[in-house]
Amino acid sequence: MDIKWDKILITGDPLILGAQIAIVLTMVGIVVGLTYFKKWKYLWSEWLTSVDHKRIGIMYIIMGVLMFFRGGVDGLMMKAQTAVPENTFLDAQHYNEVFTTHGVIMILFMAMPMLIGIMNIVMPLQIGARDVAFPQLNLLSFWLTFAGAMLFNISFVVGGSPDAGWTSYFPLAGKEFTPGIGNNFYMVALQIAGIGTLMSGINFIVTIMKMRAPGMKLMRMPMFTWTTLITSLIIVIAFPIFTVALLLGTMDRIFGTHFFTVADGGLDMLWANLFWLWGHPEVYIVILPAFGIYSEIVATFSKKRLYGYTSMVMAIVVISALSMLVWVHHFYTMGVGPAVNSVFSITTMAIAVPTGIKMFNWLFTMRKGRIEFTAPMMWTLAFIPTFLIGGVTGVMLGMAAADFQYHNTLFLVAHFHYTLIPGVVYAVFAALYYWWPKVFGFKLNERIGKWHFWLFNIGFNLTFFPMFFLGLQGAARRMYTYSEESGLWPLYALSAVGAIFLAAGFAALCYNIYWSIRYEKRTTENDPWGTARTLEWATATPVPHYNFAVVPEVTDVDAYWEMKKNKDNFALDPNKIKPIHMPSNSGLPVYMGAAFLIAGFFLVFEWIPLAAISAFLIFAGMIKRSFEYDDGYYVPVEEIIEKERTWRGDSKWKAK
């Protein structure tokens, strides 16, 4: 172990010093605020230990917004550096760290938590369930994800950030070339968060397969539930591969093994294969839920049933299968040969077919529909042409011969941003605007939402479209500077201006949340949009912790739409209400998350005895859990009837 005590706290850089001061002041402010307003008990009992899937989902989303800010700041720093030629704002090492943390945070700690948070909130409601199958495991999943994110983020100010790219290719990521501990943070933090994600995938599969409402056959499930199911299956298949790769990488860096080294029998391409066997399915783990979100929104605001439901389901299944068969297109140029390249070129381009089917399904759903241009619908409409650009350039990159020209240029960077931002970020924004009133009892302001929409869309295209041309002119990705003689400055500068618009769009979203919390009109109407079609809209607003007074009976794909057509199905006899069994809150997942964070921290710094002792904290929590016999509690009938009365407006719903 060559870790030096004087290297633990990063000093000497004004940006890092500012971050350290900001972190300390933020922590002090939170502690003082919670103490002054006497909210410690409320925070602990109502949020941190809550096993309510909706509150867990909200905590995921809050974490995602915070990580969006952190990853966005990294992006702005990169744009500031490349805005002018031969800039010295960031040096080469700092730039390496910034683009590494930007990629990891945006994919694994922003996109994943945002989407898993939305799945947590919406999916159980769409299938008529009280909660997920394993509520306490659900909370543990969140705290492990949060622990991984916090461990990764402190690397910026303690120990040094990872600097080998979000793919962390060996041997660059090994001790031979990066002897510090920055890449230890990558290996350990992502393992902890990945365990949490794997638990979520298992939990969601069991929930969907075992807890659907009576009458909800698989082919009656809402499209978002279908995408959640298929996404969870990919998680369960792909994430163990990444877990193994990270474990081997950790052993190489900390214990001196030689799985990925260039000496003593190691094979660096083994890492590349394991990483992309997970990494490309990961792209569809974040894209498929977005497809489900867009499907729900298109049907709602076109006032039509989703066109080609069966073909949509089949397209999702085909995409998931092909997602596991394209990983080699990430290293066409690494010498695997023309035969192998040809096979994976075909599978890569084939995945465009089911994706195109979904595009046509959405367009045909809108055809002759009475479209409402609400904020969620506008994000959905913007997604189609922008994602199409990403898809077309993806087919270009999928041609192995052409990829020798595009590889490692900004053309590739532009391509994956044109798939991931419309395919994930736009979907998250659309979902927030769409389901927000269901969760909180008020809409986000539409006028401010339009500002958010236009600023972010203009900024996105200004930022990334010039990169296609920069890449075709030979501008390489991950280069922290360039010469004035190259003639690349105008397009780099235009891209930097676009990043300012992107930041303004994100600021508009944050302001919209603040403004709407303070001033937007509250509602208890179960369907604030008036045209919703799926089951989550068939209960109270905001949704009670038990979700449904009586589990509904499903007779159609658009279950809630059918209930509205047939008012007898929507009616409910208060005399049939029974006490509802619900799980109790638990502080054990919070403890387990803290134990993993402590053990991970010691392992990162290669303090093996302390890491081993801390591992006993984890096992102690597991043992305690095995002896827990809490059977939960029952929600009394009076409480249920009072809640139903507030939104049904029917005198017969008065508690007796």
**Asked** Any donor-acceptor pair under 3.5 Å linking the side chain of N526 with the backbone of W537?
**Response** yes
**Message:** Could you check whether any side-chain N or O of Y294 sits under 3.5 Å from a backbone N or O of A427, counting only pairs where one atom can act as donor and the other as acceptor?
**Reply:** yes
**Fill in**
Those residues at least two apart in sequence (or on a different chain) that pass salt bridge (Lys or Arg N to Asp or Glu O under 4.0 Å) with K565 are E562
**Asked** salt bridge (Lys or Arg N to Asp or Glu O under 4.0 Å) with R625: which residues, sequence neighbours excluded?
**Response** E628
**Prompt:** Is the gap between the ring centers of Y433 and F429 under 6.0 Å?
**Reply:** no
**Asked** Between R55 and E46, does a salt bridge (charged side-chain N to carboxylate O under 4.0 Å, His left out) hold up when you go through it step by step?
**Response** CA-CA 8 Å; R55 298 211 165 187; E46 297 295 327; 3.2 Å; yes
**Message:** Quiz question: by atom type and distance under 3.5 Å, do the side chains of S516 and N445 form a donor-acceptor pair?
**Reply:** no
**Request:** Check ring-ring contact (aromatic ring centres under 6.0 Å, His included) between F301 and all other residues, then give those that pass, not counting sequence neighbours.
**Result:** Y434, W529
**Request:** Apply the test side-chain hydrogen bond (donor to acceptor under 3.5 Å, both in side chains) to residues T531 and K303: give CA-CA distance (whole Å), side-chain angles for both, the deciding distance (0.1 Å), then the verdict.
**Result:** CA-CA 6 Å; T531 55; K303 302 181 178 67; 5.4 Å; no
**Asked** Could you go step by step and tell me if K564 and D527 meet the salt bridge (charged side-chain N to carboxylate O under 4.0 Å, His left out) rule?
**Response** CA-CA 11 Å; K564 288 190 288 187; D527 179 12; 3.2 Å; yes
**Message:** Would you say the ring centers of F291 and W226 fall short of 6.0 Å from each other?
**Reply:** no
**Asked** Would you call D556 and R305 a salt bridge, using N to O less than 4.0 angstrom?
**Response** yes
